[in-house]
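Presented below is the structure to which this report refers.
In what follows, chains carry the letters A, B, and so on, assigned in the order in which the sequence lines appear, proteins first and then strands, with residues in each chain numbered from 1.
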Amino acid sequence: MRRVTLPPASPPPAPWRVVVPLPVPALDYVPPHGRGGAVPVGCRVLVPWRGELAVALVVGEGDPHGAHRLREAVHVLDDEEEPWVPPATVEAVCTWARDARLPAGLVWGDLLGAGWTARYDHRVRAVPGADLSAFGRRAPTGEWASARDFSPALLDAVREQGLLEEDFRPTSRTRGLVRARPLDAVPAAARTTTVLQADPEAPGTLTPKGRQAWAWLAEQGPQPTLSAWARGAGVGTGVVSGVVSAGGAEHVEVEAAPPAAWTWLSEHGPVESLSAWANGATADGVPLSPTGAGSLVARGWADAVQEAAPPPPLPEPGAPWLTHDPDRLPEAAAWRLHGGRSLSRFRTLAPRISRLLAQGRGVLVLAPDHATLRRAWEGLSGLAETAGTRAVPISGALSDGQREHAWNLIRSEEARLVIGSYLALTASLPDPALIVVLEEASDAYKLAAGSHAFIPDVAARVAQAHDAALALVGSAPAAESVPLPGAVLPPPRARVHVVDYANPPEQPELGPLSGVHLTPGDLGYPVSHDLARLLRQVQERGRQAALLAPRRGYSALLRCPTCEHTPQCRNCDVALRFHQETRQLTCHQCGYRESVPDRCDVCGEQMWKARGPGTEWIAQTVEKLAPGLPVYRYDRDRQDDLAPLHAGESGVVVGTQLLLSQDAPPNLALIGVTLADTWLNLSDFRASERYHRLLRQLAEWHPERAPLLVVQTFQADHPALKVLVEGRDALAYPAAEERVRAALGYPPHARLAQVEVAARDPVRAKVAAQEVFDALHGAGAHAHEVLGPAPSPVARLRGVYPYHLLLRARDDARLSQLLATLDRSWKARVRVDVNPRGGL
DNA sequence: AGCACGCCGACT
DNA sequence: GTCGGCGTGCTC
C-alpha cells in the first residue's frame, strides 16, 4: 500500500496516556491531528483499537520517546474545562492501581461508573485531493458520508494513512427504543467482513488434519478468525495456519451473516435501551456486551430511535428537611461515626452535610449494597434541596442513560450531593468536601472480580487527592477505623437470648459433665426447644419472625452413614452442597452440579445422611414445629414474595444474610440466628468482627422496635456476642479487636496483600510459589513480612491449584516496594490482592 | 479479554 | 513429521 508522507509536525506533541476498559495497562496515543495544548486529563477520547474505535480515558502524559510507533487519537469527546473525571481522581485511582500492581484498564473498567458507551454521529470523507480508489470501490470519497457506510477495518486502514477526515457530533441519549434494522436497510459496509475462506481445490500438500480442517471449512463456510475455524474443525490453531500457508484458504472480504444479536433483536422486537438489549440477548445465550450493542448501532444493524426525549427520570429525592441539631462531629481529615440506628446516624450526619452543601461544596455518600443505598437515599437526599442544590443517585440499579444523565448533572455542578454505590466514586464532583463511606467494613465493598478493589481504600485515596474529609459511618466500626477520631451513638435497645448448645443449663442430676456427652439434639437441633416455643408464640399472637440460616440449600454436605464418604466437587476440593428441592448436589464455589447419586460410590450404601443445616432444612423444620405458620424463604436460590409479611400478616421468613437487604417486616417480634458459629469458623482474621457486625445489624434491622434476638451457638461466651448481651456500645468489641490486631501485627497495624500463585499442575504451582517467596527474600523482605506459601484453604479451585503468600508491610509504601518484586514473569499465574478479605 | 504464535512433548 | 496443549505476548 502507498505510504503518504505527512507534513513535518514541529515540535512533536507529547503523547497522551489513555486507558480502555480492558485488563491491559495504559497505552500511549499521539494527540488528534493538529491538536496542541495541554493533555486533557480526565476527558474521554475515541482511539483506534483493534480496527475499530473505542472510548478511552486520558489519564496523563505518555512516554515522550517511547519505542512504539504510536497511533493518533481520533477525537476528544469532552470539553477540557469540564472533564469526565476530575484530574485529582484520575491521579488517585491510577496511583492506587500502580500500588496494587494492576493494569490501569482493569481498574478503570471497574471504577468508571458511566461514560464507556458514548453515543455520537460519525461522518467521514477523504482528505481533499486524496484518491482512495486503492482501498477498493467502497472507500470514502471527497463527499461527507456516514461512517456506517464503510467497513470499520477499511476506515481504519485509511485513517492510519492519514487520509481520512472525520466529524463527530454527540447525539443525545434517547429514552426511546432500540430497533433492529431491516436487512436491506443495513449499510452494505456493515454486511461485509474479512473472513477465512477455503480455496475450491485443496492443495495436495496438506497433512491429514489439515485436509480435515480444509474440508470442514469448505463445508461450513467462511470463519471470522483462525481460532474459530480451529475450534469448529476440532484441530489446533497450528493446523489451520498450516492450511493457510499451504494456500488452502485465504482472507477474503465477503457478505457477512447478520450478527446473532441482530437476529435476537429482530425476533424479540424493540427494547428499551442498549443495556436492555445486551442483557436480554446474553440471558438467552447470545453473548453481547453493552459496548458490543453500541458498536452494532454505530455500524447500522440497529437504530436507537431518535426522539428529543427528556432526560430519563431519576428517583425522587426525599422531602426537604432542615436540621437544627448542632454539628458534634470531628473536623479531622478522616473520622468515624458508629452505633445507634441508621436513622440516628443520618440525623447526626445531617448538620455537617447541610453546612458543606450550603457552602457550595460537594458531598459524596457511598453505600455497599442496595439496602444501605436505599436507606441513605431516603434519609439524606432531602438535605440537598434545603441547601439549594440537588441530590442524584448513581448505581447499577440505574440504566446507562440515567447514570450518564446523573453524571452530567454532577459535572455541571447542578447536583452536589451524590449518593451511590462504588460506581459513583469517580464521578466528577467539583470541589468535594466530604466523602462518606457507609458500613465501611462491609465485604460487599470488595469487588468480586477484576481489580478486586476494596472500595473504602480507593475512596480514602480519592478523598486525600481532593483534600476532602473521609467519614466512616455505620452500625459498628471496622477494627481499622478504631484509631480515628470519632463519635459513638448509644446502642439501640436490644433483647438477646443465647441458646448455649455447648452447656445446656438444666440436667444437674447428671453431675458435672459426668462423662455424659450431650448432643445438640438434647436442646433441639437445628431449631432449639426455646426457639420453637418462641415461634409458636409468634404464631399464636399473629406476629412475625425471621430465621437466619448459615447457608442456602438443604445441607452443607451428604455423608454415607456406612463409610463416611462425602460427595465432592469434581473441579474444587470441597464437599457438594445438597439441594433437596432440585434433588441436586451443587458446588457453591464453581457452580458445578449433579443429581444425587443413588448409592455411595465407595461402598454402595443406598442411604445418605445430611449434615450442616441450610435454609431448606430450617424451613422444613419450622413447618413441622409450628404447623400452619406461613413460612417464606429468602436466599440466592429462592426469593419468595414477602409482600404478605410487609402487609403485616403473620409468618416466618427463613433466609441467609441476603435477608438483610430487605426491609424488616413491620410486626417482627423474633429474630433467630440458627447457628452463629458458622460465622466464626471461617479461616479469616476478620471473622469475629464480621459476626459482631451481623449481630449489630440484626439488632437495628427493624427501624423502631427491638425484636427478641435468639442466638443459638456453641460459643455463648464469645466476646462479640457478650457485648450485645451486656448492652455495651458499638465501639467496645472493635476496640478490643483492634488491640488484638496490634499484638498480631494485622490491620490497621499493617497493610496486607495476598499473592496467589496458581497453576493447573500442583507441583508447578508449589514450585512457582516458592520462587516468589525466594524472590521476595532476595529483595530484602523480612521474615515477618512474608507468610507462606501455603496451599489455598480450598486446595483445588475450578481446576487449578492456588498457593497463597501473605505480605504484611508496615504501610502502603513498604507494601508497594515488596510488590514491585513481583513485576516479572513467573512459571505460574501470579495475582495480587491488596487488602484481601475472606478466605485467609 | 481475545487472539495468534511458538515451544515442547507425545505419538507415528 | 505431525499434532495438540499450554504458556506467552500483544493490543498504541
Of the listed nucleotides B/dC3, C/dC3, C/dC12, the one nearest the side chain of A/Val239: C/dC3
Side-chain (A/Ser266) to main-chain (A/Ala180) donor-acceptor, under 3.5 angstrom: no
Electrostatic pair A/Lys446-A/Asp443, nearest N-O below 4.0 angstrom: no
Selection from C/dT2, C/dT11, C/dG4 that lies nearest to any side-chain heavy atom of A/Pro208: C/dT2
Between C1' of C/dC10 and CG of A/Leu22, the distance in whole Å: 12 Å
Length of the line joining A/Trp116:CH2 and B/dA1:P, which is rounded to integer Å: 16 Å
Salt bridge flag under 4.0 Å for residues A/Asp156 and A/Arg50: no
For atom CG of A/Leu27 and atom C1' of C/dG9, their distance in whole Å: 13 Å
Distance in angstrom units between A/Asp28 CG and C/dC10 C1', rounded: 15 Å
Spacing of A/Arg50 atom CZ relative to B/dA4 atom P, expressed in whole Å: 9 Å
Sugar-phosphate, base or nothing in reach of A/Val18, heavy atoms under 4.0 Å: nothing
Under 4.0 angstrom between A/Thr237 side-chain N/O and B/dC3 OP1 or OP2: no
Basic-acidic side-chain contact under 4.0 Å: A/Asp121, A/Arg123: no
Side chain of A/Thr225 (C-beta onward), nearest among B/dA4, C/dC3, B/dA1: B/dA4
Whole-Å gap separating C1' (B/dA1) and CH2 (A/Trp108): 20 Å
Distance, rounded to the nearest Å, where A/Arg829 contributes CZ and C/dG7 contributes P: 11 Å
Per A/Ser227 side chain, nearest of listed nucleotides C/dG4, B/dA4, C/dT2: B/dA4
Of the listed nucleotides C/dC12, B/dA1, C/dG4, the one nearest the side chain of A/Pro23: B/dA1
Side chain of A/Thr207 - closest among C/dT11, C/dT2, C/dC12: C/dT2
Short N-O contact, A/Glu166 and A/Arg125, less than 4.0 angstrom: no
Given C/dT11, B/dA4, C/dT2, the nucleotide with the shortest approach to the side chain of A/Trp49: C/dT11
Distance in angstrom units between A/Leu226 CG and B/dG6 P, rounded: 12 Å
